[in-house]
Amino acid sequence: NGNQLTNFDNFENTIIMSYGKNIGYNLNAGMNIKYYDQRLGEYRAWGIGSDFGILFQIFSFTRFGMTIQDINTGLFWNTGKRDLILPTFRFGVMQYFIYEIFLVSFDVEQTLKQKIKTHFGSEYWINEYFAVRTGLNDLNFSAGVSLKYEHYQIDYSWTLDNNALGDIHRFSLLASF
């Protein structure tokens with residue numbers, strides 16, 4: 001009848017450890033190990049997953065990449081239920097312009113049993129410490145910023161969500177070794 005029955009909180013955190021290495025002429029490979037923590041109202045879930053990717057430098061300013069995300073990943077709920085997260089395949093290309101301070105990228109994403117999604121974006125480093133981003137995340141507008149100092153980077157992104165769940169805000173902290 002359109003009456004609101006209750007409110008609940010949805011909280012999601014992911015901690016990711018990554019490793020990448022140059023494995024040959026203009027070819028890099030890397031992997032992630034991820035820990036998930038999700039809370040939905042009174043329910044809680046956790047899970048562990050992994051990703052694998054390669055990045056190939058085609059020309060000096062052009063790169064092609066491919067990833068397989070959520071390999072053998074699942075969430076274990078405090079109710080005893082287990083949710084399997086289906087693997088996602090991504091293929092993309094990016095091109096640097098203006099001495100590697102401006103880039104444009106495009107990728108295609110396919111999760112098993114779901115429709116193909118596209119992502120288009122651009123990034124501009126105003127100086128060595130601050131970048132701005134904008135793009136389309138499956139036709140939803142997105143924007144973001146990065147602050148970088150030495151081996152640390154803080155990223156924020158916002159995606160306008162056309163679904164009933166509302167906009168998406170993401171924060172990340174990166175430490176490079």
[atom1]/[X] to [atom2]/[Y] distance, rounded to the nearest 0.5 angstrom?
X	Y	atom1	atom2	answer
I15	I48	CD1	CD1	11.0 Å
F91	T67	CZ	OG1	8.0 Å
F56	F64	CZ	CZ	10.0 Å
R90	T111	CZ	OG1	8.0 Å
S176	Q153	OG	CD	7.5 Å
T118	L139	OG1	CG	5.5 Å

Taking everything shown except N127 itself, do over 12 heavy atoms lie less than 6.0 Å from its CG?
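More than 12 within 6.0 Å, yes.
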Please determine whether the number of non-hydrogen atoms from other residues, nucleotides or ligands lying under 6.0 Å from atom CZ of R170 exceeds 12.
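Atom CZ in R170 is not crowded, with 12 or fewer foreign heavy atoms closer than 6.0 Å.
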[X] to [Y] - nearest heavy-atom pair and separation:
X	Y	result
L136	S142	N-OG, 4.2 Å
N78	Y43	OD1-CA, 3.7 Å
L112	L86	O-CD1, 3.2 Å
N22	N28	CA-OD1, 3.1 Å
K117	H119	CB-NE2, 4.2 Å
I33	S50	CD1-CB, 4.0 Å

Tell me, please, which residues at least two apart from V145 pass side-chain contact (heavy atoms from CB on, under 4.5 Å).
F130, V132, Y156
Excluding sequence neighbours, so at least two apart, what forms side-chain contact (heavy atoms from CB on, under 4.5 Å) with S18?
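Only I16, N32 meet the side-chain contact (heavy atoms from CB on, under 4.5 Å) criterion with S18.
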Joint hydrophobic cluster, [X] plus [Y], side-chain heavy atoms closer than 4.5 Å:
X	Y	value
F106	I116	yes
F97	I58	no
L55	I23	no

With sequence neighbours excluded, tell me which residues meet salt bridge (charged side-chain N to carboxylate O under 4.0 Å, His left out) with [X].
X	answer
K34	D51, D70
D138	K115
R63	none
R39	D37

List, by chain and then residue number, the residues other than Y152 in its hydrophobic cluster (Ile/Leu/Val/Met/Phe/Trp/Tyr, side-chain heavy atoms under 4.5 Å); write none if there are no others.
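For Y152, no cluster forms, as it stays isolated from other hydrophobic side chains.
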Once side-chain hydrogen bond (donor to acceptor under 3.5 Å, both in side chains) is applied, what residue pairs with a partner in residues 96-106 remain, sequence neighbours excluded?
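side-chain hydrogen bond (donor to acceptor under 3.5 Å, both in side chains) check on residues 96-106 returns no pairs.
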Tell me, which pairs form a salt bridge (charged side-chain N to carboxylate O under 4.0 Å, His left out) where one or both residues lie in residues 10-21, sequence neighbours left out?
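Found none.
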In chain order, what residues pass the side-chain hydrogen bond (donor to acceptor under 3.5 Å, both in side chains) check against D83, with sequence neighbours excluded?
W77, K81
Applying ring-ring contact (aromatic ring centres under 6.0 Å, His included), can you list everything that pairs with W46, at least two apart in sequence or on another chain?
F76
With sequence neighbours excluded, residues passing ring-ring contact (aromatic ring centres under 6.0 Å, His included) with F141:
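By the ring-ring contact (aromatic ring centres under 6.0 Å, His included) rule, F141 matches W158.
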Do [X] and [Y] have side chains that get closer than 4.5 Å, going by heavy atoms?
X	Y	result
Q95	V93	no
V108	F89	no
D155	S146	yes

Does Q57 use its side chain to pair, donor to acceptor, with the backbone of F61 at less than 3.5 Å?
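Judged by distance alone, no pair lies under 3.5 Å.
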Under the side chain to side chain contact (heavy atoms under 4.5 Å, CB included) criterion, do I126 and Y124 qualify, and how do the steps go?
CA-CA 6 Å; I126 294 169; Y124 178 69; 3.7 Å; yes
Please check if any side-chain donor atom of R133 sits under 3.5 Å from a side-chain acceptor atom of S157, or the reverse.
no
